[in-house]
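Notes for the one structure printed next.
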Amino acid sequence: MDLQLDQLRALDAAVAEGTFEAAARRLRVTPSAVSQRIKALEAAVGRILLQRTKPVRPTDSGLAVLRLARQIELLTGDTARELGAAAMEADDRVRIPLAVNADSLETWVLPALAAAPAGVYFEIHREDEEHTIGLLRDGTVMAAITAAAQPVQGCTARRLGAMRYRPVATPEFVRTWFAEGATARAFDAAPVVIFDRKDDLQDRLMRRRARRPLDPPRHYIPSSSGYAEAVRHGLGWGMLPDQQGSGDLASGRLVVLDPRLHIDVPLYWQQWRLDSPALGAVAATIAAEAARALG
């Protein structure tokens, strides 16, 4: 197959931006040029690569070519950085899409990314750690912080540590709903704060305590900082990681429902198996910060 760099960049931009018009703005060409390049790429591989929806979506064949496009983009950016900033054009900057769970992003990941080399830019996809692996598998991201230890095909995996989550609430909330302790009956009645409908951390803890599913009243707060604020304001009890809740526990603003109850969520760094100095440097800063923050 004779795959041209400008055609691969057009595919990458179209998927990342969602429309040919937005891709054209990113590439500084016309929408017609983007369309022609993608059609030429489809002709070269003999497959339809994009569903012309809004936003455009890659087909299964498109995902395979998209992974190649992003690998080439990464290596091109690496080469430009090695040649020096004067040789680096906008299209040659190293852009690394990452999938990160909300609590890691809120607590320890950003300091790690701030230590990345100059010229490296990030596109963060926020997703639950149980689901970030899907974004890595379909080529949307080059690396992910995930709960999956088994590496995706074509990727490497390394353990980062674990985030310990504890069930916490305000003292007033505990007096109202858990006066007799963290019993199954109390958990079944007390309002609980859930991150989103993919979040099963609270249900896992309740099943562990009650040995059966419970269905208490639920608040859904799809923001890591907003979630913690909801618990602090007494909307319900919730699971906070030690990295986020330690200050409130020390001050007495929040209390642990039962010191014996906690869930450890192991985290892994998975990335494409690719000899990229930029990606390797990011992996090193992530590992160093994780060792400090997660223990």
Side-chain angles (χ1 to χ4, degrees), residues 99-109 126-134 144-150 157-171 173-174 177-178 181-232 234-250 253-270 289-295:
V100 182
N101 62 304
D103 289 335
S104 292
L105 186 62
E106 188 76 21
T107 55
W108 64 270
V109 164
R126 182 195 58 76
E127 184 57 274
D128 183 86
E129 65 273 2
E130 300 288 343
H131 300 273
T132 52
I133 203 70
I145 294 174
T146 175
Q150 182 65 32
R158 65 188 295 180
R159 183 179 170 89
L160 295 174
M163 296 187 77
R164 173 161 290 186
Y165 289 77
R166 304 179 193 271
V168 300
T170 65
F173 186 90
V174 172
W177 295 98
F178 291 92
T183 64
R185 182 176 180 178
F187 275 121
D188 200 28
V192 59
V193 183
I194 309 290
F195 185 82
D196 61 19
R197 294 186 182 276
K198 295 178 182 177
D199 175 19
D200 73 339
L201 205 58
Q202 288 71 212
D203 284 292
R204 284 166 56 188
L205 183 125
M206 288 188 287
R207 287 194 301 270
R208 181 179 297 179
R209 171 47 58 96
R211 300 187 181 280
R212 60 183 175 85
L214 301 178
D215 189 24
R218 299 164 187 258
H219 300 286
Y220 291 93
I221 313 289
S223 158
S224 184
S225 57
Y227 180 97
E229 278 299 297
V231 175
R232 293 184 189 113
L235 269 71
W237 70 272
M239 301 288 286
L240 287 186
D242 285 350
Q243 293 81 1
Q244 194 173 26
S246 58
D248 290 312
L249 293 174
R253 186 176 183 182
L254 296 176
V255 295
V256 178
L257 300 184
D258 186 331
R260 298 168 297 178
L261 293 176
H262 65 265
I263 292 180
D264 290 335
V265 177
L267 297 177
Y268 299 85
W269 172 260
Q270 292 209 30
E289 187 61 26
R292 184 197 67 79
L294 305 181

Problem - Under the side chain to side chain donor-acceptor pair (under 3.5 Å) test, residues paired with D258 that sit two or more places apart - result: R209, R260
Handout entry: Between Y165 and D103, a side-chain donor and acceptor under 3.5 Å
Key = yes
Handout entry: Heavy-atom closest contact (Q244 atom, A228 atom, distance)
Key = NE2-CB, 3.8 Å
Fill in the blank from the handout: When every non-hydrogen atom of V168 is compared with those of V231, the smallest separation belongs to O-CG1, 3.7 Å
Practice task
May I ask you to test the W269-R159 pair for a side-chain heavy-atom distance under 4.5 Å?
Solution key: no
Exercise for the section: Working to the nearest 0.5 Å, report the span between CD of E229 and OG of S224. Expected result: 11.0 Å
Handout entry: Test salt bridge (charged side-chain N to carboxylate O under 4.0 Å, His left out) applied to K198 and E129, E130, E127, the passing residue
Key = E127
Completion exercise
Rounded to the nearest 0.5 angstrom, the CD1-CE distance for I263 and M239 is 4.0 Å
Exercise for the section: To the nearest 0.5 Å, tell me how far S223 OG sits from D196 CG. Expected result: 11.0 Å
Exercise for the section: Apply side-chain contact (heavy atoms from CB on, under 4.5 Å) to the pair T132 and V100, showing each step before the final yes or no. Expected result: CA-CA 7 Å; T132 52; V100 182; over 6 Å; no
Fill in the blank from the handout: Looking only at heavy atoms, the pair that brings R166 and D242 closest together is NE-OD1, 2.8 Å
Exercise for the section: Take L257 and F173 through the test side-chain contact (heavy atoms from CB on, under 4.5 Å) and record every step on the way to the result. Expected result: CA-CA 10 Å; L257 300 184; F173 186 90; 5.5 Å; no
Exercise for the section: Apply salt bridge (Lys or Arg N to Asp or Glu O under 4.0 Å) to the pair R208 and D203, showing each step before the final yes or no. Expected result: CA-CA 8 Å; R208 181 179 297 179; D203 284 292; over 6 Å; no
Completion exercise
Looking only at heavy atoms, the pair that brings L294 and W108 closest together is CD2-NE1, 3.9 Å
Practice task
Under the side chain to side chain donor-acceptor pair (under 3.5 Å) rule, collect the residues that match up with H262, sequence neighbours excluded.
Solution key: R164
Exercise for the section: Give, for atom CD of Q150 and atom CD of Q270, the distance between the pair rounded to the nearest 0.5 Å. Expected result: 8.0 Å
Exercise for the section: Take L240 and L254, measure what side-chain contact (heavy atoms from CB on, under 4.5 Å) needs, and give me the verdict at the end. Expected result: CA-CA 10 Å; L240 287 186; L254 296 176; 3.8 Å; yes
Exercise for the section: Would you give the length of the straight line joining atom CG of L214 to atom CZ of R207, rounded to the nearest 0.5 angstrom? Expected result: 9.5 Å
Problem - D128 versus N101, closest heavy-atom pair with distance - result: C-CB, 4.3 Å
Problem - For T107, side chain to side chain donor-acceptor pair (under 3.5 Å) partners two or more places apart - result: none
Exercise for the section: May I have the step-by-step check of side-chain contact (heavy atoms from CB on, under 4.5 Å) for T146 and L267, ending in yes or no? Expected result: CA-CA 6 Å; T146 175; L267 297 177; over 6 Å; no
Practice task
Kindly compute the distance separating CZ (R218) from CZ (R197), expressed to the nearest 0.5 Å.
Solution key: 9.0 Å
Completion exercise
Heavy-atom closest pair (P241 atom, M163 atom, distance to 0.1 Å) is CB-CE, 3.7 Å
Sequence neighbours excluded and cut-off under 3.5 Å, please list the side-chain donor-acceptor pairs for residues 181-190, or say none.
unit_1: T183; atom_1: OG1; unit_2: A186; atom_2: N; d: 3.1
unit_1: D188; atom_1: OD1; unit_2: D215; atom_2: N; d: 3.3

Practice task
Classify the ring geometry between Y227 and F195 as parallel (under 30°), tilted (30 to 60°) or perpendicular (over 60°).
Solution key: tilted
Exercise for the section: Could you pull out all residues at least two apart from E289 that satisfy side chain to side chain donor-acceptor pair (under 3.5 Å)? Expected result: R292
Problem - Check: L235 main-chain N/O paired with H219 side-chain donor or acceptor under 3.5 Å - result: yes
Handout entry: W237 and P191, any side-chain heavy atoms less than 4.5 Å apart
Key = no
Exercise for the section: Go through the structure and list residues passing ring pair (Phe, Tyr, Trp, His ring centres under 6.0 Å) with Y268, not counting sequence neighbours. Expected result: none
